[in-house]
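Following: one structure in structure tokens, then a few remarks.
To find a chain, count down the sequence lines: A is the first, B the second, and so on, and within it residues start at 1.
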There are 2 protein chains.
Amino acid sequence: MTHSAPPAVPRFPVSVTVDLVIFTVRDDALHVLLVERGKEPFLGGSALPGGYVRPDEGLDEAALRELREETGLDGGRLHLEQLRSYGDPGRDPRGRVITVAYLALGPDLPAPVAGTDAARAFWAPVGEALRADFGLSFDHGSILADAVERARSKLEYTTVATSFCREPFTVSDLRHVYEVIWGIALDPSNFRRKVTRTAGFLEPTGERRTSETGRPAALYRFGGAAVMSPPLLRSGDIAGRGAGGGSGRG
Amino acid sequence: MTHSAPPAVPRFPVSVTVDLVIFTVRDDALHVLLVERGKEPFLGGSALPGGYVRPDEGLDEAALRELREETGLDGGRLHLEQLRSYGDPGRDPRGRVITVAYLALGPDLPAPVAGTDAARAFWAPVGEALRADFGLSFDHGSILADAVERARSKLEYTTVATSFCREPFTVSDLRHVYEVIWGIALDPSNFRRKVTRTAGFLEPTGERRTSETGRPAALYRFGGAAVMSPPLLRSGDIAGRGAGGGSGRG
DNA sequence: ACAAAAGTGTTAAGACTACACCCATGA
DNA sequence: TCATGGGTGTAGTCTTAACACTTTTGT
């Protein structure tokens, strides 16, 4: 069987790109950075930012470069990880393109900078971007869906949620991230206990932040731990908040 | 911005390959399928099986084809998932090669069939293959290490361990998989309870299997569920059995 | 004083650990 | 009958869900 089958063509015209799914939490929704395409194909359509991998750079390196180009990121805390690769023939009308998708999580970032291929970069609510009629270019709808799923499950057993918070942050800031990404309300008391008792998740700064209303909240920094065990479960939501405390008393 | 910056070279000579990390549990160790390389570079060295992606096939498709070529796999239950991509310049002396690594899990497979590029395919204990002096070719040591980590953590929250068991199997067969891959002993009673009570993990066949010694064990099929929640924790090992505290009643 | 958010306390339900102990089979 | 692994029962501990309640601020 080593010589009879038609031998694979060892090299054919193929391009390698990296595409970035950059998430941030703005207001009360998860947002993804998109670019309006400045050239064909899909001219005028929306797509994930990305670009060609250069001959002399690694994949992570290319992703980091693109991230910098798109967001103007400076040294801020920011999570970047490889998501997976997509390479169906026909996913790009120009030819065979393999893309390595990366997932980036960051605090509400400054107004995005238009990248090389982009006429315009903008934040879109993920809920809208995923709708079929939004019409993301290429197979970017699938990539985005995979990224959302990855982000959701990573919140359960890791501490990456802190990547969405600019330091220092409060426990409520962090809870807000979970609530927005999971789309459920969490019990503030139990959430606090869980995250403050997970060693290395939060490091108190000793400072407090006073907001318009309510008691000032303690401020924290990320504590350096990567994982949470046991995980924080998504199932434990609290459906009807607003009923508030004091429904019955002794 | 579309014409001033030094434009990335949109296409340069790149090859795209898929590499497979095929795991099975044999005897009391996790094994990986390796091939002895039949040509340069690394002629005579050991490497993960893999091959070039063809112009007209998708990545998953290529992985499945390679898997079939290497193992002679027929319809058996078998898990295949993309692991991640590796593309550092210089990872292959022949030029720029991006490889998409896949993780495959299967029951103790038949004697492997030599693939196209392989002089010989063989099962190697993962513990040995990971040692630096084993000298896996290319960056296959890193890929293998990543695969082991992925497999270990997937056992925690999914039911993929069943992919290692030929059906029908016993609870002990399944526990053996966990013990070998995690490298710890698990309490048989508690393990049984956990897996039998996780809905959809195991489906009783009604049959039993009698072995040389001991009570016959009930036989099960995989039940179709993908995940386990809450997860089965690795921490819960049983280091020194027989220490005996006698707290339980008599 | 009141509203609102931060933060603490408490209880009951559920899951897990560490075992003791019983069951079914071959030798 | 004994050895061996299969399988059940259970007490104590740990974790969580639910929610009452106290604290601290701005208005």
Side-chain angles (χ1 to χ4, degrees), chain A residues 156-157 168-176 178-179 184-199 202 204-220 228-250, chain B residues 156-157 168-176 178-179 184-199 201-202 204-205 207-220 228-250:
Chain A
E156 293 187 354
Y157 62 95
F169 54 85
T170 67
V171 171
S172 288
D173 292 340
L174 187 62
R175 176 163 51 85
H176 186 238
Y178 276 88
E179 294 184 327
I184 60 179
L186 296 170
D187 182 283
S189 312
N190 297 333
F191 180 84
R192 148 179 309 292
R193 240 190 303 272
K194 177 70 180 178
V195 298
T196 55
R197 293 191 181 169
T198 295
L202 299 183
T205 63
E207 307 287 298
R208 311 189 151 267
R209 176 193 295 158
T210 293
S211 64
E212 332 174 318
T213 179
R215 176 176 171 174
L219 289 169
Y220 297 86
M228 228 187 320
S229 164
L232 183 48
L233 294 180
R234 230 144 132 182
S235 40
D237 66 319
I238 149 178
R241 278 217 285 162
S247 58
R249 52 208 241 76
Chain B
E156 293 187 353
Y157 61 96
F169 55 85
T170 67
V171 171
S172 289
D173 292 340
L174 187 63
R175 177 164 49 85
H176 186 237
Y178 277 88
E179 294 184 326
I184 60 179
L186 296 170
D187 183 285
S189 313
N190 296 333
F191 179 83
R192 149 180 309 295
R193 242 190 302 272
K194 178 69 181 181
V195 298
T196 55
R197 290 188 183 172
T198 296
F201 199 165
L202 299 183
T205 63
E207 307 288 297
R208 310 187 153 269
R209 176 194 294 159
T210 292
S211 63
E212 332 173 321
T213 178
R215 176 176 171 174
L219 290 169
Y220 297 86
M228 229 188 319
S229 163
L232 182 48
L233 294 179
R234 230 142 132 184
S235 41
D237 66 321
I238 145 180
R241 278 218 281 162
S247 61
R249 46 160 247 88

Let me know the distance between [atom1] of [X] and [atom2] of [N], rounded to the nearest Å.
| X | N | atom1 | atom2 | result |
| --- | --- | --- | --- | --- |
| A:Arg193 | D:dT16 | CZ | P | 10 Å |
| A:Leu186 | C:dA5 | CG | P | 16 Å |
| A:Ile184 | D:dA17 | CD1 | C1' | 13 Å |
| A:Asp187 | D:dC19 | CG | P | 9 Å |
| A:Arg209 | D:dG26 | CZ | C1' | 17 Å |
| B:Leu219 | D:dG6 | CG | C1' | 12 Å |
| B:Asn190 | C:dA20 | CG | P | 13 Å |
| A:Glu207 | D:dT25 | CD | P | 14 Å |

Polar side-chain atom of B:Arg234 near backbone of B:Ile184 as donor-acceptor pair, under 3.5 Å: no
Would you check if the side chain of B:Ser211 reaches a backbone N or O of B:Thr213 as a donor-acceptor pair within less than 3.5 Å?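 Present.
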Among [options], the one nearest [X] by side-chain distance:
| X | options | value |
| --- | --- | --- |
| A:Arg215 | D:dT24, C:dT17, D:dC19 | D:dT24 |
| B:Thr213 | D:dT4, C:dG26, D:dT24 | D:dT4 |
| A:Arg192 | C:dG7, D:dA18, D:dG6 | C:dG7 |
| A:Pro216 | C:dG26, D:dT25, D:dG7 | D:dT25 |
| B:Ser189 | D:dG6, C:dC19, C:dA15 | C:dC19 |
| B:Ala217 | D:dG6, C:dG7, C:dA18 | D:dG6 |

Under 4.0 Å, heavy atoms only, any strand: does B:Arg208 hit a base, just the sugar-phosphate, or nothing?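 The residue B:Arg208 makes sugar-phosphate contact but no base contact.
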Quick one, A:Tyr178 with A:Leu174, criterion side chain to side chain contact (heavy atoms under 4.5 Å, CB included). Give me CA distance, side-chain angles, the key distance, then yes/no. CA-CA 7 Å; A:Tyr178 276 88; A:Leu174 187 62; 4.2 Å; yes
B:Gly214 or A:Thr210: which one's nearest nucleotide on DNA chain D is closer to the 5' end?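 Going by which nucleotide is closer to the 5' end, it is B:Gly214.
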Quick one: on DNA chain D, does A:Arg197 or A:Glu212 contact a more 5' nucleotide (nearest heavy atom)? A:Arg197
Over all atoms of both residues, closest heavy-atom pair of B:Arg209 and B:Phe169: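 Answer, listing the atom of B:Arg209 first, then B:Phe169: NH2-CA, 4.2 Å.
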For the student: nearest non-hydrogen atoms of A:Val171 and A:Arg192, plus distance: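 So the two residues come closest at CG2-NH1, 3.8 Å.
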Assuming nearest nucleotide by heavy-atom distance, tell me which of A:Asp173 and B:Lys194 is located more 5' along DNA chain C.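 By nearest-heavy-atom nucleotide position, the 5'-most residue is A:Asp173.
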